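Inspection log for the structure reproduced underneath, given as C-alpha cells.
In this text the structure is predicted, and so the values were computed from the model without any measurement.
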Amino acid sequence: MALLPILCFPDPKLHTVAKPVQQVDARIKALIADMLETMYEAKGIGLAATQVDVHERLIVIDVSEERDEALVLINPQTVWTSPEMHINEEGCLSVPGVYDGVQRHDAITVSALDGQGKPHTVQADGLLAVCIQHEMDHLMGKVFVEYLSPLKRNRIKTKMIKAQREDQR
C-alpha cells in the first residue's frame, strides 16, 4: 500500500469526468487499498479516484466513528434520491481548510460494484448520503466549491493558489 498525492483545487485535472472501471482486477484492488490508506491518513471520510489523478469511477468512504467500515463504490449509479433536501456543511480533501454549506438530497440509493466486483445497492441518509453525493460529483469533474457563489469560489481559488505557492517555497 502507498499514500497517493491528492490533487488540490483549482487543479484542472479535478474537472476530468471519470470513465467506468472496465474490470475489478489486481490493479483496481491495489488502488482501493491505496485510496483507503490515503483517505485515513488525511483524516477524510471519502475519496474519489479523480482526487488522486486516476480518472475512473471509483469511490472509497468510511463515515464510521471507529474508521473500520470502509465502503467501496465502483461505477456507482444513482437509483433514487429523496425529494427532501438540506444544506450541509461540507469540506473536501482537495480543498483543505475550507468548509461551506451545500444543498444535497437527504437520502439516496446507489447501485455499484463492491471491492470484489460484486453488484450491491446502498441506501444512505445523513452523513453517508451527503458523502456519496459529494464523491459522485468528483467523478463528474465537479468540486463542492462550484455550488458556492462566484465570489466565494474565487476567494477560495485565490486562497488555495496562495497556499500552494507558499508550500513550494
Side-chain angles (χ1 to χ4, degrees), residues 1-19 21 31-67 69-74 76 78 81-82 84-108 110 112 124-169:
M1 294 196 315
L3 291 176
L4 304 169
I6 299 172
L7 299 175
C8 281
F9 180 80
D11 192 313
K13 291 180 265 186
L14 287 168
H15 299 294
T16 305
V17 176
K19 295 182 176 10
V21 171
L31 178 60
I32 290 166
D34 291 347
M35 285 175 61
L36 284 167
E37 182 180 0
T38 301
M39 178 188 73
Y40 289 131
E41 179 69 23
K43 308 282 190 267
I45 59 170
L47 187 66
T50 301
Q51 293 175 270
V52 294
D53 205 13
V54 176
H55 303 286
E56 295 181 73
R57 294 185 58 77
L58 168 59
I59 294 168
V60 297
I61 293 172
D62 190 342
V63 297
S64 69
E65 289 289 325
E66 298 79 27
R67 313 294 284 147
E69 295 177 30
L71 174 65
V72 175
L73 300 173
I74 299 171
T78 302
T81 55
S82 67
E84 299 82 23
M85 298 179 81
H86 281 94
I87 294 176
N88 304 280
E89 187 86 354
E90 291 187 28
C92 181
L93 294 176
S94 291
V95 195
V98 175
Y99 300 88
D100 212 317
V102 177
Q103 186 166 328
R104 302 276 187 193
H105 295 277
D106 287 352
I108 184 169
V110 295
D125 58 12
L127 181 59
L128 180 57
V130 170
C131 190
I132 290 171
Q133 292 171 80
H134 176 108
E135 300 307 332
M136 286 181 71
D137 275 353
H138 277 299
L139 299 181
M140 297 308 297
K142 189 168 188 173
V143 181
F144 90 98
V145 296
E146 292 173 52
Y147 287 100
L148 308 178
S149 71
L151 178 64
K152 276 189 179 179
R153 190 169 50 249
N154 285 332
R155 283 184 180 161
I156 293 166
K157 183 176 183 178
T158 301
K159 177 181 172 184
M160 297 302 295
I161 290 170
K162 183 179 177 190
Q164 288 167 19
R165 280 194 197 124
E166 288 172 4
D167 286 348
Q168 292 171 353
R169 287 184 187 166

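A donor-acceptor pair under 3.5 Å is absent between the side-chain atoms of Gln51 and the main chain of Ile6, judged by distance alone. In terms of modelled atom types and a separation under 3.5 Å, the side chain of Ser94 and the main chain of Phe9 share no donor-acceptor contact. Looking only at distances, a side-chain donor or acceptor of Thr38 sits under 3.5 Å from a matching main-chain atom of Leu4. The backbone N or O of Ala2 lies less than 3.5 Å from a partner atom in the side chain of Glu37, making a donor-acceptor pair. No donor-acceptor distance shorter than 3.5 angstrom exists from the side chain of Gln164 to the backbone of Ile161, with no hydrogens or angles considered. Although no hydrogens or angles enter the test, the distance criterion places no donor-acceptor pair under 3.5 Å between the side chain of Asp125 and the main chain of Asp106. Listed for the Asp100 side chain is no donor-acceptor partner under 3.5 Å among the backbone atoms of Val98.
In this structure the side chain of Glu90 never reaches within 4.5 angstrom of the side chain of Gln133, judged on heavy atoms. Inter-residue side-chain proximity for Ile32 and Ile74 is flagged as met; some heavy-atom pair is nearer than 4.5 Å.
The nearest pair of heavy atoms linking Arg153 to Glu146 is NH1-O, 3.3 Å. The two residues Val17 and Met140 have their closest heavy-atom pair at CG2-O, 3.6 Å. The two residues Ala112 and Leu73 come nearest to each other via the heavy atoms CB-CD2, 3.8 Å. Pairing each heavy atom of Cys8 with each of Pro96, the nearest pair is SG-CD, 4.1 Å. The nearest pair of heavy atoms linking Pro76 to Met136 is O-CE, 3.8 Å. Closest approach of Thr81 to Thr78, counting heavy atoms only: CG2-CG2, 3.6 Å.
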Give the intermediate values and the outcome of side-chain contact (heavy atoms from CB on, under 4.5 Å) for residues Thr50 and His55.
CA-CA 5 Å; Thr50 301; His55 303 286; 3.8 Å; yes
Kindly determine whether Ile132 and Ile59 satisfy side-chain contact (heavy atoms from CB on, under 4.5 Å), including the steps that lead there.
CA-CA 8 Å; Ile132 290 171; Ile59 294 168; 5.7 Å; no
Start with the C-alpha distance between Leu139 and Leu58, add both sets of side-chain angles, then the distance that settles side-chain contact (heavy atoms from CB on, under 4.5 Å), and finish with yes or no.
CA-CA 8 Å; Leu139 299 181; Leu58 168 59; 5.8 Å; no
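With sequence neighbours excluded, no residue satisfies salt bridge (Lys or Arg N to Asp or Glu O under 4.0 Å) with Lys142.
Remark: Arg67 CZ is packed, more than 12 non-hydrogen atoms of other residues, nucleotides or ligands lying under 6.0 Å away. The environment of CD in Glu65 is sparse: at most 12 heavy-atom neighbours from other residues, nucleotides or ligands sit within 6.0 Å.
Here the CG atom belonging to Leu7 is positioned 11.5 Å from the CG atom belonging to Leu93, to the nearest 0.5 angstrom. The distance from atom CD of Glu135 to atom SG of Cys92, rounded to the nearest 0.5 Å, is 7.0 Å. With values rounded to the nearest 0.5 angstrom, Asp53 atom CG is found 7.5 Å from Thr16 atom OG1. Atoms CD and NZ, from Glu166 and Lys162 in turn, are 5.5 Å apart once rounded to the nearest 0.5 Å. For the atom pair NZ (Lys19) and CD (Glu56), the distance works out to 9.5 Å, reported to the nearest 0.5 Å. Note that CZ of Phe144 is 7.0 Å distant from NE2 of His134, once rounded to the nearest 0.5 Å.
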